[in-house]
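Since the structure comes first, as structure tokens, the remarks are kept for the end.
Quick note on labels: first sequence line is chain A, next is B, and so on, each numbered from 1. Because only heavy atoms are used, hydrogens play no part in the values below, and waters and symmetry mates are left out as well, while side chains stay in.
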Protein chains: 2
Amino acid sequence: MKLSTKSRYGVRAMFDMAYHAGTLPAQIKDISRRQNISPRYLEQIFQDLKKAGLLKSRRGPQGGYSLAKPADEITVKDIVLAAEGELQLVDCVKNRRKKGEKAPACDFDNRCLTQHLWAKGSQLLGDYFDSVSLKDLCDQGKELGLEKELDHRFMYFI
Amino acid sequence: MKLSTKSRYGVRAMFDMAYHAGTLPAQIKDISRRQNISPRYLEQIFQDLKKAGLLKSRRGPQGGYSLAKPADEITVKDIVLAAEGELQLVDCVKNRRKKGEKAPACDFDNRCLTQHLWAKGSQLLGDYFDSVSLKDLCDQGKELGLEKELDHRFMYFI
DNA sequence: ATGAATCTCTACTTCTATTGTCAAGAATAA
DNA sequence: TTATTCTTGACAATAGAAGTAGAGATTCAT
């Protein structure tokens, strides 16, 4: 019942971008250094986030990534959903048999009490994550007095 | 971010026991048949639940397992906690360095925004699971008209 | 045009936890 | 005393997570 590192790294990286947003796109190497995440791995995560429409990118010198939407329109749920693929505590809740997918763990359809239980838990979690935007995190960061990176000697961590 | 099968099977099995509670202890072979769970695997799960004080057992003929407490005093959270070991969406929230445990993924202690985020999500989930008892599930089962097993031809599933 | 910087895509590896299976042993009731 | 049932620990198969790697495509500055 753990979130994958993709979700955790994804949220941290996206927060980092929102917190340091400047005129230029942010580059993998800077984000990965500040957040202590393997740059190669972060690339993959950013591909997922881009596919989900949360990031846009630009190649070449001075290129990098930037948020595709304002920080108050990107929620933690968006990021977790993009990184995790879905937000369900169990698989048996999913629509069954969407083309060739392996059989669900449970075929009991309606007559299943616990299905409802897990679905509602997933929903609760999703609603909470949807209530927190990157902007909210940035505001919290400011309150906490997290340093924005001005010089590289000062490493902050989220 | 999936619950393990131990949690799912555990809840289903415990519900099964509560729903069919009789004068005699319930046996692995019956529960596993009704719930379609491998009996050998269910044994292991029941060991966890017993260690957590949710089940008691009796060996020998006519032996089996029975609930250690009334159904309204056992919550889904109890079961998930026993099966899952803990109820945290991320590891970095845990108390660090309790004797020789592998290093936490994150050493950033207080200066971590996302830590609070995941902790609160875990808490929400835990609170919800704690609000549902086995008795609640049984009541739902009755409303749904789930058959109690009177003869074996009729298989119900939760 | 050229070359360096940067993202893009795909494949591969390594590690760990999950999800079981198995066998021998201990307790109990009849 | 014997069949029944739980107990315990070891073991194996599988899947998924996490990270690494290389070749390619795009863009900018000169």
Figure out the [atom1]/[atom2] separation between [X] and [N], and round it to whole Å.
X	N	atom1	atom2	value
B:Lys29	D:dA3	NZ	P	15 Å
B:Gln27	D:dC6	CD	C1'	10 Å
A:Lys2	D:dA15	NZ	C1'	18 Å
B:Asn36	C:dG20	CG	P	10 Å
B:Leu55	D:dC6	CG	P	11 Å
B:Gln47	C:dA26	CD	P	15 Å
B:Asp48	C:dT19	CG	C1'	13 Å
B:Leu24	D:dT5	CG	C1'	13 Å

Check: B:Ala83 main-chain N/O paired with B:Ser7 side-chain donor or acceptor under 3.5 Å:
no

Is it true that a side-chain atom of B:Thr114 and a backbone atom of B:Leu117 form a donor plus acceptor pair closer than 3.5 Å?
no

Check the phosphate of [N] against [X], side-chain N and O only, distance under 4.0 Å to OP1 or OP2. Yes or no?
X	N	value
A:Thr5	D:dA18	yes
B:Tyr9	C:dT18	no
B:Ser57	D:dT5	no
A:Ser4	D:dG16	no
B:Lys50	D:dT7	yes
A:Lys6	D:dA17	no

Just wondering, more than 12 heavy atoms not from B:Lys69 lying within 6.0 Å of its NZ?
yes

Contact class for B:Phe46 (heavy atom, under 4.0 Å): base, sugar-phosphate, or nothing?
nothing

Start at the 5' end of DNA chain C and walk down; is the nucleotide closest to B:Tyr41 or to A:Ile28 reached first?
A:Ile28

By nearest heavy atom, map A:Tyr65 and A:Met1 onto DNA chain C; which one lands nearer the 5' end?
A:Tyr65

Provide the full list of salt bridge (Lys or Arg N to Asp or Glu O under 4.0 Å) pairs with a residue in residues 47-67 of chain A, sequence neighbours left out, each pair given once.
A:Lys6-A:Asp48

How would you summarise protein contacts on nucleotides 21-30 of chain D per nucleotide, using B for base, S for sugar-phosphate only and - for none, with heavy-atom distances below 4.0 Å?
BB-BBBBB--

B:Asp130 versus B:Thr75, side-chain donor and acceptor atoms under 3.5 Å
yes

Would A:Leu24 end up clustered with A:Met14 when hydrophobic side chains under 4.5 Å apart are linked, directly or stepwise?
no

Electrostatic pair B:Arg12:B:Asp16 at N-O distance under 4.0 angstrom
no

